[in-house]
Amino acid sequence: MARTVARVIVDALEELGVQHVFGVVGDALNPLTDAIRTTEDLNWVGCRHEEAAAFAAGAQSQLSGTLGVCMGTVGPGSVHLLNGLYDAAKSRTPVLAICGQVPLAEVGSDYFQEVDNDLLFRDVAVYRATVTSPDQMPRMLESAVRAAVCQGGVAVLTVPGDLGDQELGDDRPARFALDRPVTRPDDPALAQAAELLNAADRVTLLVGRGARAARAEVLRTAGTLAAPMVLTLKAKEGFEGDNEFQVGQTGLIGNPAAAHALDSGDALLMLGTDFPYRDWYPKGCKVVQVDTREEHLGRRVPVDVGLTGDVGATLRALLPLLKATRDRGHLDDARERFTHWQEGQRRLADPGHERRWTGKLRAALDNRDHEIRPEALAAAVDAHAAEDAVFTSDTGMATVWLSRFVGMRGSRRLIGSYNLGSMANAMPQALGAQLWAPDRQIVAFCGDGGLSMLLGDLMTIKTYRLPVKLVVFDNRRLGMVKLEQEQAGLPEFGTELDNPDFAAVATALGLTGIRVTDPADLDDSVRRALDTPGPVLLDVLTNPQEVAVPGKPTVSQGWGFAIAKVKEILPSHEG
């Protein structure tokens with residue numbers, strides 16, 4: 001007997017090695033979820049919100065390097081997938097979204113809940129199509145999966161509610177050809193790049209996620225050129241640990257050593273990065289960029305030599321052409337500055353740091369109520385987390401503290417919404433990560449604003465007994481927005497959050513909840529949270545006035561912050 005459309009899809013996903021499908025059940029998806037119910041190795045994960053489902057699928061894809069899958073039913077269910085799918089698209093990770101649609105005969109009639117999915121997902125998807133006949137399967141599924149995997153993006157396949165249980169006229173197994181070629185530039189381009197780099201006195205490397213598979217080649221290149229290595233946030237994993245060349249991140253979350261390494265070089269070698277912030281690139285130096293995507297070359301900073309190809313293959317061909325640099329002055333200076341900055345950060349993480357503050361501005365600028373320093377919380381998690389822990393972080397200040405105080409040593413992994421910059425990603429990404437790696441410690445750095453956005457999926461964590469550890473930086477603020485306002489000279493407005501006791505909420509939902517309000521209890525509480533079996537939510541009341549100074553602060557930012565603080569302190573006589 002021929003298989004149904006739903007059975008063809010589910011069997012193909014199982015053959016591809018997909019283990020989890022995330023979504024919310026309903027109407028048009030019923031044939032698909034029923035096929036999953038009767039399948040041995042493919043598991044349905046019922047979430048409370050489709051956005052969480054898409055984030056979880058994207059997390060699994062980023063961590064595994066393979067296809068993630070989520071589903072949304074007719075209309076609103078599919079619309080809810082959008083934010084998580086945009087995150088997958090911006091992260092260039094393969095995700096297949098299977099969306100429901102009204103019965104085929106009703107398409108175009110403004111039927112109840114009808115949404116034009118092909119139009120809705122036009123901007124987010126590298127492939128989108130609606131199945132209009134069982135005979136289009138499995139060809140259409142093959143095209144969707146190939147597009148997602150080979151282009152590194154989102155594919156959306158829409159299945160009308162009356163097609164899922166229809167049988168194929170000409171049934172055959174799905175066939176996928178998913179090998180991706182490894183390419184390198186031609187010899188003349190490599191020679192041109194080598195000539196430029198050999199002529200430079202001070203080369204700095206800017207290394208991104210696209211270079212992570214070429215760690216050995218990148219380290220050899222840094223050693224040959226005696227070049228300090230500035231890392232993007234997504235390159236922390238893979239390059240931060242056991243690396244004598246790295247000097248941390250640049251940008252708003254970065255440090256002065258990385259900024260100086262970039263600004264003082266006379267040549268910049270960009271490897272697998274599309275770092276978007278133009279203001280943080282050096283001015284007046286020569287630039288060589290290596291990227292698999294030709295359209296990325298030169299779009300952030302003018303490039304003298306653009307090399308299209310895989311970073312590993314390109315460097316293996318380039319290294320024999322490079323002359324070893326004997327003068328290590330540029331590297332040693334950057335590393336010394338970086339070590340000095342790290343020592344200062346460790347002092348900030350000291351719970352007794354605020355006792356050393358004096359002066360009239362202490363109440364405005366530092367810790368007036370001796371609340372827990374977010375730096376101390378991040379440092380405590382770093383000290384007690386497993387060497388193979390997987391970290392996720394919410395966009396905003398939680399990512400700043402993770403970036404500065406959590407080291408990606410050992411086999412630790414890190415993901416976040418680092419290209420889209422969405423709120424509320426850390427918890428659902430942790431959900432997907434824990435299902436991907438059930439025996440590893442998963443730690444989510446959650447902002448209080450982000451966590452409360454998708455709070456309902458704490459119940460998903462409880463339902464599936466996922467032992468994730470949720471660390472909540474509870475500063476009762478939208479902290480990054482507060483800092484943005486103050487740097488622009490504006491008083492804080494609209495950022496205060498009327499939070500519940502998140503630990504009590506977690507306890508009511510069946511998770512272990514731990515609340516920390518005293519700095520003296522912090523270290524033991526972090527250790528207990530990470531050692532407690534099962535899901536744990538650690539709610540830590542942190543200082544909302546804490547300031548994260550960027551790596552290259554400007555005078556205007558300093559004046560803006562000072563003016564904002566004066567406005568906040570002085571009573572308003574308006575109205």
Side-chain angles (χ1 to χ4, degrees), residues 1-23 28-36 38-39 41-42 44 54 57 61 65-74 78 81 85 88-89 92-108 114-181:
M1 184 176 67
R3 294 176 300 162
T4 65
V5 169
R7 176 54 61 187
V8 167
I9 293 173
V10 169
D11 287 351
L13 294 179
E14 189 175 27
E15 180 186 337
L16 284 165
V18 176
Q19 294 182 318
H20 303 101
V21 177
F22 301 88
L29 294 183
N30 287 337
L32 287 153
T33 52
D34 188 61
I36 294 172
T38 57
T39 300
D41 295 325
L42 186 64
W44 173 257
S61 176
T66 58
L67 186 70
V69 182
C70 58
M71 293 187 184
T73 191
V74 178
S78 294
L81 292 172
L85 293 182
R92 297 194 179 278
T93 197
V95 170
L96 173 65
I98 300 174
C99 297
Q101 184 54 283
V102 300
L104 193 58
E106 300 294 346
V107 172
E114 182 184 2
V115 170
D116 185 343
N117 286 345
D118 293 339
L119 179 62
L120 175 70
F121 294 106
R122 179 179 179 179
D123 183 52
V124 75
V126 296
Y127 177 95
R128 64 200 183 282
T130 298
V131 182
T132 58
S133 167
D135 293 335
Q136 293 175 310
M137 302 297 288
R139 290 181 294 106
M140 193 172 282
L141 176 64
E142 291 167 341
S143 296
V145 171
R146 276 197 294 268
V149 173
C150 296
Q151 297 182 50
V154 173
V156 178
L157 190 65
T158 296
V159 182
D162 55 345
L163 280 186
D165 55 7
Q166 290 190 27
E167 293 184 353
L168 277 65
D170 182 19
D171 187 12
R172 66 167 176 82
R175 300 185 183 95
F176 301 97
L178 301 177
D179 290 337
R180 302 180 69 177

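Below, each value reflects all heavy atoms present in this structure, side chains not excepted, and no hydrogens, waters or symmetry copies. It should be emphasised that the depicted structure is a prediction, and the values quoted were computed from it without experimental measurement.
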#### Entry: Side chain T93, main chain A89, donor-acceptor under 3.5 Å
no

### Summary
Sequence neighbours excluded, the answer for salt bridge (Lys or Arg N to Asp or Glu O under 4.0 Å) partners of D34 is R37

### Query
Which residues satisfy the salt bridge (Lys or Arg N to Asp or Glu O under 4.0 Å) test with R172, sequence neighbours excluded?
E142

#### Entry: From OG1 (T39) to CD (E14), nearest 0.5 Å
5.5 Å

### Query
At their closest point, which heavy atom of L96 faces which heavy atom of L67, and how far apart are they?
N-CD1, 3.8 Å

### Message
Before you tell me yes or no, could you show the steps for L168 and V8 under side chain to side chain contact (heavy atoms under 4.5 Å, CB included), namely the whole-Å CA-CA distance, both residues' side-chain angles and the distance that decides it to 0.1 Å?
### Response
CA-CA 9 Å; L168 277 65; V8 167; 3.8 Å; yes

### Query
Atom SG in C70, atom NE2 in H20: separation rounded to 0.5 Å?
14.5 Å

### Query
How many angstroms lie between CZ in F176 and OG in S143, if you round to the nearest 0.5 Å?
9.5 Å

### V102: partners by side-chain contact (heavy atoms from CB on, under 4.5 Å), with sequence neighbours left out
V74, E106, V107, Y111, E114

### Task
Examine distances only and state if a side-chain atom of Q101 and a backbone atom of V115 form a donor-acceptor pair shorter than 3.5 Å.
yes

### Task
Find the distance between CE (M137) and OG1 (T4) and round it off to the nearest 0.5 Å.
9.5 Å

### Task
Could you tell me whether the side chain of S78 and the main chain of G72 form a donor-acceptor pair under 3.5 Å?
yes

### From V156, L157, T158, residue fulfilling side-chain contact (heavy atoms from CB on, under 4.5 Å) relative to R128
V156

